[in-house]
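Notes follow once the structure below has been shown.
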Amino acid sequence: MLNGLEIFLLIVILVLAVTLIVTILGARKKAKDSSEAIAQSAPLVAHQLLSPLSIIRWSTELLNKKENLTPDEKELITNIHENDLDLIKTINDVATVADIHKKPLIEKSSKTDIIALIHDIVKEHEVIAETKKLHISFNNQTKNDLLEIPYNKERLKRVVSGLLENAIFYNEKPGDIILALSSDNKFLTLSVQDTGIGIPEKDKPNITNKFFRGSNAGTFKQHSLGLTLYMIKELLKIAGGKLWFDSQEKTGSTFSVKLPL
Amino acid sequence: MTDQKAKILIIEDSKFLYTIYSEKFAASGYDVVSAVDGEEGVQKAKVEKPSLIILDGVLPKKSGLEVLEEIKKDPDTNSIPVVVLSNLDTETEKWMQLGAVAYLVKADLSIDEITDQIKKYLP
């Protein structure tokens, strides 16, 4: 039999337990509401930030074409331009991660020609690659000139651009970047091979983690948040695909993605 | 018969961007007319009958989406190709379903790439 004090303590514990559960549920709801609010506002915030950054991008492109610039002026303008491109990429990555579940990679209503998309992305990056004396090539092994897949074009673009930009930016010497696309009945496989700085052995287990940067990334892309590989990994996980890599420090890396068909 | 230049209507509230587009297209031999907000854009599409419309996604008075909807509903303007330029890259599908021929993300492309892509839709 419980005595009066024990009954009182039991009631106090029960009340505390109920209060705790209500508080936890409230906090979880608040957290959910807050992450939903972030997901909802991310595209608009990104738009507001990207608009002035695209103006800076185009202004520096125009300035760089002017004749009679001194080498110092040209270097300053190039610095502004490259930092602006870094910021654009970071904002795009943050916006993608913020609403990653809301807008998945696979979208049944879409028909995206992945081959045309890769050609466009390669073309968009040729100028910046040339400044680092890097040659980009695309080896299409699918035997198709046009390959439409039910993927959201902008999301797929983030995946391909993310891999290609890492191959360009984490590189200190002239070299090659080779994109290869192959297919079987169930999957498309895209690999991006580079002759860049590679990933140190100790960093390999963490390299696709959120906000992780390789210990040798130091001076390369100093403003990077370490989100690109995490973003790609998560987009593929939701789609039923996969990201993996093979890398040797100071020699280069090959990042590959498997895209379900 | 005289050669008539193809006309482009640029609906863009940023003076800087309008100047860039207009200089690029004027240099390539096109006639360029402008509208600085959504209302003026719809009106000029009817009056000017351009060969192509460049539409900013975010505009004062009427949003870019409303402008596109009105242009596509009006039999006088619905055959004019509309290229949308924006930085909101998550809404591509919506714009394409409403009848845009292309949706270009400004921050992702250089000026030359933007103008090259737009030229694909010009006569």
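Since the structure is predicted, the reported quantities are computational estimates derived from the model, not experimental observations. Chain letters run A, B, ... following the sequence lines, proteins first, then strands; residues in each count from 1.
- At least one donor-acceptor pair under 3.5 Å links the side chain of A:Lys132 to the backbone N or O of A:Phe169.
- A tilted orientation is assigned to the rings of B:Trp95 and B:Tyr103, their planes being inclined by 30° to 60°.
- Residue contact with chain B, scored on non-hydrogen atoms closer than 4.5 Å, involves the side chain of A:Lys157 exclusively.
- In this structure, A:Thr189 and A:Leu181 have side chains that are not in contact, with every pair of non-hydrogen atoms separated by 4.5 Å or more.
- In terms of heavy atoms, B:Lys62 sits closest to B:Val42 at CD-CG2, 4.4 Å.
- Environment of NZ in A:Lys237: sparse, with no more than 12 heavy atoms of neighbouring residues, nucleotides or ligands closer than 6.0 Å.
- B:Leu17 touches chain A through its side chain: at least one heavy atom from C-beta onward sits under 4.5 Å away, while N, CA, C and O do not.
- In this structure, the portion of B:Ile20 lying under 4.5 Å from any heavy atom of chain A is its side chain and not its backbone.
- Contacts of A:Ser161 with chain B are absent, with no heavy-atom separation under 4.5 Å from either backbone or side chain.
- Salt-bridge formation is detected for the pair B:Lys44/B:Glu40: a Lys NZ or Arg NE/NH1/NH2 atom is positioned less than 4.0 Å from an Asp or Glu carboxylate oxygen.
- Between chain B and the residues A:Asp84, A:Val127, A:Ile88, the most heavy-atom pairs under 4.5 angstrom are made by A:Ile88.
- For A:Glu124, the parts sitting under 4.5 Å from any heavy atom of chain B are the backbone and the side chain alike.
- Contacts of A:Gln48 with chain B are absent, with no heavy-atom separation under 4.5 Å from either backbone or side chain.
- No side-chain donor from either of A:Ser110 and A:Lys153 sits under 3.5 Å from a side-chain acceptor of the other.
- Interface remark: A:Leu50 contributes backbone and side-chain atoms alike to the contact with chain B (heavy atom separation under 4.5 Å).
- The greatest number of non-hydrogen atom pairs below 4.5 Å with chain B, out of A:Leu62, A:Ile56, A:Ile55, A:Asp120, is found for A:Ile55.
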